[in-house]
Amino acid sequence: MRAVHLLTKLLDEIVADLGLQKPAKAVIEPPKDKKFGDLAANYALVLAKDTGKNPRELAGILAEKLRASSPHIAAVDIAGPGFLNVTFAPAFRQAAIALIEEDGDAYGSSDLGAGKKLQVEFVSANPTGPLHIGHGRGAAIGDSLCRIMRYAGYATEAEYYINDAGKQMRTLGLSIWLRALELAGKRSDPFPEDCYKGEYIIDIAREMLGKDPGLTDRPEAEGLDACYEYGLKDIFDGIKKDLETFDVRHDEWFSERSLVESGAVERTLEALKASGKAFEQDGALWFRTTEQGDDKDRVLRKSDGTLTYFASDIAYHADKYARGFDRVIDVWGADHHGYIPRMRAAVAALGKEREAFDVVLVQLVNLLQGGEQIAMSTRAGKFETLADVMAEVGADAARFIFLSRKSDSKLDFDLELVKQRTMDNPVYYVQYAHARIEAVKRRVAEQNGPAPEEADISLLAAEEEMDLLRLLDRFPQVARDAAALAAPHFISHYLMELAGMLHRAYAVLPVLNAESRALGGARLRLLGAVGQTLRNGLRLLGVSAPASM
RNA sequence: GCGCAGUUAGCUCAGUUGGAUAGAGCGUUGGCCUCCGGAGCCAAAGGCCGCAAGUUCGAUUCUUGCACUGCGCGCCA
């Protein structure tokens with residue numbers, strides 16, 4: 001980031017000096033091959049397009065001015081069609097260490113979000129059963145996103161939306177009630193198809209009967225209510241516990257029922273009618289979402305008088321903005337993608353700009369064991385639930401796998417692989433890099449090795465050392481990109497690269513047996529900076545950075 | 001039928017404002033432990049970036065068409 005900043009500033013000044021407009025498509029990035037230098041700029045290429053001049057000629061002018069512009073720039077080469085390949089002076093590279101030491105846990109943070117209030121809503125699973133592995137992926141992505149956005153300067157809150165008002169909830173109460181009747185020997189009809197058939201429903205019913213043997217003697221309406229309330233609480237306690245085990249925290253648990261009961265949904269519908277966005281037809285109330293590009297208009301209140309899920313969802317999002325959030329990110333299962341256009345239409349109708357609402361889609365997780373698919377929707381699989389999977393592979397490994405793919409692509413989660421400690425399972429590779437650095441620090445302290453105070457940073461000149469410095473310098477940009485594109489996998493990929501570079505350097509650059517204590521000390525500080533950066537990145541993923549393994 | 005995603009090495013996947021010789025891990029083959037942690041390192045082989053057109057100095061990236069895979073298309077939630 002530092003290097004990019006400097007070069008951007010210098011080039012912008014030069015372009016302005018020449019009386020040219022900074023091209024919109026100007027980009028500065030690390031070249032694919034490090035033999036091209038530290039950073040490559042395409043300024044001459046895009047300026048040539050804008051001005052109609054020869055790109056290599058322009059590059060020559062820019063390069064000459066750039067060479068004279070700063071002592072930090074060691075070399076500027078012109079390559080290919082007109083790239084400017086810039087190499088920085090070693091002292092400038094080496095200064096990254098002091099910067100990282102100074103910034104510490106904040107190295108890589110930014111003010112991209114400028115303090116704007118952001119809400120990330122995720123998991124929000126219907127409380128009709130325990131969380132499964134797919135929810136785990138959503139939880140990992142949502143939680144990591146919160147950490148990344150917070151790091152990038154957004155005032156971020158995590159929220160769980162509880163769908164406790166709809167038909168599914170009545171079904172939950174009914175399912176428990178019927179199981180209770182069965183257990184009490186008062187019912188022998190087949191269990192209805194449309195009720196929840198999971199084992200956990202029977203457990204809940206049994207538990208209720210244990211506490212209240214007279215449950216099934218009560219009138220049905222009363223019994224159903226009791227079953228619903230008890231089941232909701234029981235399942236929610238389980239969900240909260242599962243999320244806790246996964247180190248996922250929500251700041252707010254928002255109840256759909258509270259919206260309905262407070263009249264907020266009705267008020268929202270009235271407002272939509274008043275503004276002409278909603279209309280009556282065929283005895284139902286419709287929302288004109290087609291005005292905003294949806295395929296068809298959507299029903300808000302059915303002709304039987306009941307509300308659709310969409311109706312309360314509009315009220316819910318209105319409530320989010322009313323609570324002062326400038327921006328909202330919903331993390332949804334990819335099977336809900338068809339819902340996005342109407343939700344966008346709703347947000348637009350609420351008078352919010354396009355940037356105020358984003359959806360991160362999370363694709364399905366395919367749970368495998370040794371390459372064999374495990375069914376998740378039935379109760380046949382032993383590892384059906386998130387809790388079971390966590391107990392089997394651990395939270396760190398699971399999170400890293402979830403966060404090492406972009407969210408919008410399918411993910412095979414193979415229990416055998418995730419348990420293995422190989423590069424098929426890179427969390428250990430990254431954690432091992434951190435543990436190794438900590439081990440070196442311990443060893444150096446024990447054996448009275450070189451101290452940081454003895455370091456002469458300018459001795460860091462080996463290829464591996466410069467490679468590490470280059471990579472460390474890139475982290476702030478990676479963290480920023482991850483925030484800007486809501487892409488946690490940028491972080492995990494960067495960490496794998498940094499860990500790989502560390503392992504490579506580790507093999508050839510001893511601290512204790514360095515040529516001098518000044519060099520050993522410098523390497524110690526370099527390793528310290530790598531360790532700090534690894535910790536910062538792992539923290540953004542919610543994965544631990546162990547001192548030993 | 002319409003819509004949304006995906007298609008990159010044997011396998012699992014990176015690669016966003018169009019750029020240089022398309023990357024990583026696993027797997028395969030061959031090397032490295034008197035030396036701070038071998039959960040590691042080094043090297044080699046492995047590619048019509050789904051197919052075909054178009055846009056231009058340049059396309060894995062943008063446009064269009066086609067193929068295959070997954071998902072979605074209700075006065076369900």
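Order of the sequence lines fixes the chain letters, A, B, ..., with proteins taken first and strands second; residue numbering starts at 1 for each chain. The analysis underlying the following values was restricted to heavy atoms, covering all of them including side chains, and did not include hydrogens, waters or symmetry mates.
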Collect all protein-nucleotide pairs involving nucleotides 17-20 of chain B in which both atoms are nitrogen or oxygen and the distance is under 3.5 Å.
residue	atom	partner	partner atom	Å
rU17(B)	O4	A24(A)	O	3.0
rA20(B)	OP2	K32(A)	NZ	2.4
rA20(B)	N6	N85(A)	OD1	2.9
rA20(B)	N1	N85(A)	OD1	3.1
rA20(B)	N1	N85(A)	ND2	2.9

*List in chain and number order the residues that pass salt bridge (charged side-chain N to carboxylate O under 4.0 Å, His left out) with R504(A), two or more places apart in sequence or in another chain; answer none if no residue qualifies.*
none
_Contact list for residues 484-500 of chain A, test salt bridge (charged side-chain N to carboxylate O under 4.0 Å, His left out), sequence neighbours left out_ = R474(A)-E497(A)
_My understanding is that only residues two or more places apart in sequence, or in another chain, count here; which of them pass side-chain hydrogen bond (donor to acceptor under 3.5 Å, both in side chains) with D481(A)?_
Q477(A)
Ignoring hydrogens and angles, write down the donor-acceptor pairs under 3.5 Å from the side chains of residues 333-341 of chain A, residues two or more places apart or on other chains.
residue	atom	partner	partner atom	Å
H337(A)	ND1	A334(A)	O	3.0
Y339(A)	OH	D313(A)	OD2	3.3

_Residue whose nearest RNA chain B nucleotide is more 5′ - G338(A) or L411(A)_ = L411(A)
_Partners passing side-chain hydrogen bond (donor to acceptor under 3.5 Å, both in side chains) against N126(A) (at least two apart in sequence or in another chain)_ = Q168(A)
*Any chance you could list the contact pattern along nucleotides 29-36 of chain B? Use B for base contacts, S for sugar-phosphate-only contacts and - for none, protein heavy atoms under 4.0 Å, 5' to 3'.*
------SB
_Within residues 305-319 of chain A, which residues have any heavy atom lying less than 4.0 Å from an atom of RNA chain B?_
L307(A), T308(A), Y309(A)
*Considering residues at least two apart in sequence or located in another chain, which fulfil the side-chain hydrogen bond (donor to acceptor under 3.5 Å, both in side chains) criterion with D77(A)?*
none
*Taking 4.0 angstrom as the limit, do R327(A) and E355(A) come out as a salt bridge?*
no
*Mind pulling the stems RNA chain B is in, i.e. runs of at least three Watson-Crick or G-U pairs, everything under 3.5 Å?*
B:1-7 with B:67-73, B:10-13 with B:23-26, B:28-32 with B:40-44, B:50-54 with B:62-66
*Under the salt bridge (charged side-chain N to carboxylate O under 4.0 Å, His left out) test, which residues partner K441(A), sequence neighbours left out?*
E438(A)
*Do the charged groups of E229(A) and R257(A) touch, with an N to O distance under 4.0 Å?*
yes
_Parallel, tilted or perpendicular: rings of F279(A) and W286(A) (30°, 60°)_ = parallel
_Once side-chain hydrogen bond (donor to acceptor under 3.5 Å, both in side chains) is applied, do any residues pair with E465(A), and if so which ones, sequence neighbours excluded?_
R523(A)
